[in-house]
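So the structure is just underneath, and the comments pick up after that.
This structure is a prediction, so every number in the text was calculated from the model and none was measured.
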Amino acid sequence: MSKPNFTVIKGGLTSSIKDMPKHFVSAYVTDTRLMGVLAVYARWHISGGSVFTGSLHQFFYIDCEEAGLETYKSIRGESAAEVEAAEQALVGGLGARKKELTERQLRYLLCKYKSFNEKRGLPLPEGIDEYDFMLEPETTFDKAEAQEFMTYICDEISTDYQVVNYFLMRCFGNDYEGALYLAPVTVPEGNAKAWPLINDFPLDIYRQYDKATFCKNTIDIDKRYADGGVAYLCESLIEMNGNYDIQISKVVVKDLKVIGFEHCSGFRVSAAEAAMMLAKPEFCTSYEVLLSEEEINNNLGEFTIQFGTIMSIQNNGRLFMAFKQTNDHVNDRVFMLSNDVGGIYFLTDYGQLIIAAYSLRDVMRLESTLAKSVLAPYLELTNRYEFQEPLLFEFIRSDFENFEDFLDFLGI
């Protein structure tokens with residue numbers, strides 16, 4: 001899952017929009033609450049102004065663990081291509097389904113995370129003059145409505161593996177609201193001391209982690225109970241500030257809910273040991289690009305919109321990441337964070353295109369996508385490779401200009 005890198009489109013119309021009539025058209029939110037992030041889109045029709053009349057498209061990125069209401073971008077007008085590009089940058093890395101929002105649900109969600117920011121002393125994203133009309137007066141839900149809405153924005157749970165992986169992900173992220181959703185209990189109202197001690201087991205046993213990454217989790221059955229409950233032993237690889245830990249936990253699940261949770265043991269591992277644990281095969285195909293730099297720049301939309309990728313600028317080229325359309329990798333006995341990657345395109349500054357994936361099937365799919373694209377006549381296939389561990393990102397971080405030269409240096 002990738003976090004979008006948005007910038008606010010500046011303009012001289014902000015104050016005018018703030019004071020102009022706005023008519024709600026549509027909105028959606030992604031069903032990714034259990035991944036710890038949400039993407040929100042809203043469309044309004046602006047009317048009655050002499051400076052601007054038409055559509056206002058709003059995009060929000062919410063970090064449910066730490067940053068809250070974090071990023072805002074707006075687009076004015078009817079440019080479908082611009083809206084599609086912003087949507088791809090926002091939603092493309094989340095493996096999300098879009099859930100339609102009513103205006104009241106939209107206002108509630110934004111008010112909820114405005115409060116999240118205020119309680120933690122976090123600033124709201126720039127451009128507030130364009131969206132503060134949704135925050136005042138505050139929209140609230142009663143307890144039943146809030147619980148129903150939480151279910152609405154969460155991925156549908158169908159297996160114990162999903163329960164365990166999502167639950168540990170939320171606990172290591174100190175996201176107790178998300179963790180509590182997976183436990184069939186209620187926090188006594190007005191009893192602050194009960195939080196986060198729930199059902200005789202605490203949710204905050206990993207509170208020492210801050211801005212940590214849940215890299216890998218391996219689940220094994222420890223015990224089956226007569227009442228249908230199952231105890232799972234989980235080995236989790238956690239990264240924080242460049243350090244890696246293994247934490248062993250026991251999670252008891254019954255009827256797709258967590259009813260027991262305890263820490264068993266833990267220890268530090270080296271970066272080299274972590275790399276071995278995260279190693280997987282990588283399949284790469286390299287091409288020579290028979291286009292000028294100007295022609296390449298004119299065709300970047302083919303990589304982003306048509307290939308469904310998110311672009312980032314690297315020292316020696318442009319990286320395009322394609323993510324899978326769902327978060328089904330959370331349903332695996334061995335969860336790996338990187339398993340949401342569907343494919344990688346790396347366009348170097350020196351006329352090479354390298355594609356990579358973690359399975360032969362996926363790299364063949366990338367090749368097929370290229371073969372059907374408008375770029376196909378301008379690509380000359382040079383080599384195909386299978387590596388025992390990922391090397392493309394090592395090349396991206398290197399000072400080499402040519403992928404084959406990099407491989408020769410490694411003796412491959």
**Prompt:** Between Lys112 and Glu177, is there a side-chain N and carboxylate O pair less than 4.0 Å apart?
**Reply:** yes
**Message:** Can you confirm if the aromatic rings of Phe400 and Phe409 lie within a centre distance of less than 6.0 Å?
**Reply:** yes
**Request:** State whether the number of non-hydrogen atoms from other residues, nucleotides or ligands found under 6.0 Å of Glu78 atom CD is greater than 12.
**Result:** yes
**Message:** Assess, by modelled atom type and distance only, whether the side chains of Glu130 and Tyr72 contain a donor and an acceptor separated by less than 3.5 Å.
**Reply:** yes
**Request:** Determine whether more than 12 heavy atoms belonging to other residues, nucleotides or ligands lie under 6.0 Å from atom CE of Met364.
**Result:** no
**Request:** Could you tell me how the ring of Phe387 sits relative to the ring of Tyr385: parallel (under 30°), tilted (30 to 60°) or perpendicular (over 60°)?
**Result:** parallel
**Request:** Ignoring hydrogens and angles, tell me if any N or O in the side chain of Asp142 forms a donor-acceptor pair with the backbone of Glu145 under 3.5 Å.
**Result:** yes
**Asked** With a 4.5 Å heavy-atom cut-off, do Ile310 and Thr304 have their side chains touching?
**Response** no
**Electrostatic pair Glu138:Arg107 at N-O distance under 4.0 angstrom** = no
**Prompt:** Is there a side-chain contact between Val253 and Leu182, using heavy atoms and a 4.5 Å cut-off?
**Reply:** no
**Contact summary for Phe261 and Ser249, nearest pair of heavy atoms** = CE1-CB, 4.1 Å
**Arg207 NZ/CZ over Tyr209 ring centroid, <6.0 Å and within 45° of normal** = no
**Message:** Quick one, His45 and Leu56 - any side-chain contact, counting heavy atoms below 4.5 Å?
**Reply:** no
**Request:** Check the pair Leu34 / Tyr181 against side-chain contact (heavy atoms from CB on, under 4.5 Å), numbers first and verdict last.
**Result:** CA-CA 9 Å; Leu34 291 176; Tyr181 172 75; 3.9 Å; yes
**Message:** Within a 6.0 Å radius of atom CZ on Phe141, are there more than 12 heavy atoms belonging to other residues, nucleotides or ligands?
**Reply:** yes
**Request:** State whether a side-chain donor-acceptor pair under 3.5 Å links Lys280 with Ser338.
**Result:** yes
**Request:** May I have the step-by-step check of side-chain hydrogen bond (donor to acceptor under 3.5 Å, both in side chains) for Tyr358 and Asn339, ending in yes or no?
**Result:** CA-CA 8 Å; Tyr358 301 128; Asn339 281 351; over 6 Å; no
**Asked** Are Met311 and Leu319 close enough that some pair of their side-chain heavy atoms sits under 4.5 Å apart?
**Response** no
**Message:** Is the shortest side-chain heavy-atom distance between Val37 and Thr30 below 4.5 Å?
**Reply:** no
**Message:** Please check if the number of heavy atoms outside Glu148 that lie under 6.0 Å from its CD is greater than 12.
**Reply:** no
**Prompt:** Phe346 pairs by side chain to side chain contact (heavy atoms under 4.5 Å, CB included) with which of Phe320, Phe403, Phe395?
**Reply:** Phe395
**Request:** Kindly state whether the ring of Tyr41 and the ring of Phe60 have centres lying under 6.0 angstrom apart.
**Result:** no
**Message:** I'd like to know whether the aromatic ring centres of Phe116 and Tyr113 sit less than 6.0 Å apart in this structure.
**Reply:** yes
**Request:** For Thr140 and Arg104, work out which heavy atoms get closest and say how close.
**Result:** O-NH2, 3.3 Å
**Salt-bridge contact Arg120-Glu66 (side-chain N to carboxylate O under 4.0 Å)** = no
**Prompt:** Taking everything shown except Arg268 itself, do over 12 heavy atoms lie less than 6.0 Å from its CZ?
**Reply:** yes
**Prompt:** Between Phe59 and Thr71, does a side-chain contact (heavy atoms from CB on, under 4.5 Å) hold up when you go through it step by step?
**Reply:** CA-CA 8 Å; Phe59 294 91; Thr71 310; over 6 Å; no
**Message:** Would you say the ring centers of Tyr131 and Trp44 fall short of 6.0 Å from each other?
**Reply:** no
**Asked** In terms of side-chain geometry, is the basic nitrogen of Glu87 or Lys98 positioned less than 4.0 Å from the acidic oxygen of its partner?
**Response** yes
**Prompt:** Closest heavy-atom contact between Val341 and Lys324?
**Reply:** O-CE, 3.6 Å
**Message:** Against Leu237, only a single residue in Tyr244, Phe335, Phe214 fulfils side chain to side chain contact (heavy atoms under 4.5 Å, CB included); can you say which?
**Reply:** Tyr244
**Request:** Tell me, yes or no, whether the heavy-atom count around Asp399 atom CG, taken from other residues, nucleotides or ligands under 6.0 Å, exceeds 12.
**Result:** no
**Prompt:** Does some side-chain heavy atom of Glu100 sit less than 4.5 Å from a side-chain heavy atom of Tyr152?
**Reply:** yes
**Message:** Just checking Gln314: does its CD atom have more than 12 heavy atoms from other residues, nucleotides or ligands closer to it than 6.0 angstrom?
**Reply:** yes
**Prompt:** Considering only heavy atoms from C-beta outward, does the side chain of Lys254 approach that of Val230 to under 4.5 Å?
**Reply:** no
**Student check: side-chain heavy atoms of Glu404 and Gln352 closer than 4.5 Å** = yes
**Request:** Determine, for Lys114 against Glu136, whether the closest basic-nitrogen to carboxylate-oxygen distance falls under 4.0 angstrom.
**Result:** yes
**Request:** Decide, yes or no, whether a salt bridge links Asp175 with Arg33 under the criterion of side-chain N to carboxylate O below 4.0 Å.
**Result:** yes
**Message:** Checking side-chain polar atoms at under 3.5 Å, does Asp349 have a donor or acceptor matched by the opposite partner on Asn316?
**Reply:** no
**Request:** Taking the six-membered ring for Trp and the full ring for Phe, Tyr or His, determine whether the centres of Phe307 and Tyr345 are under 6.0 Å apart.
**Result:** yes
**Asked** Counting only heavy atoms not in Glu293, do more than 12 sit closer than 6.0 Å to its CD atom?
**Response** yes
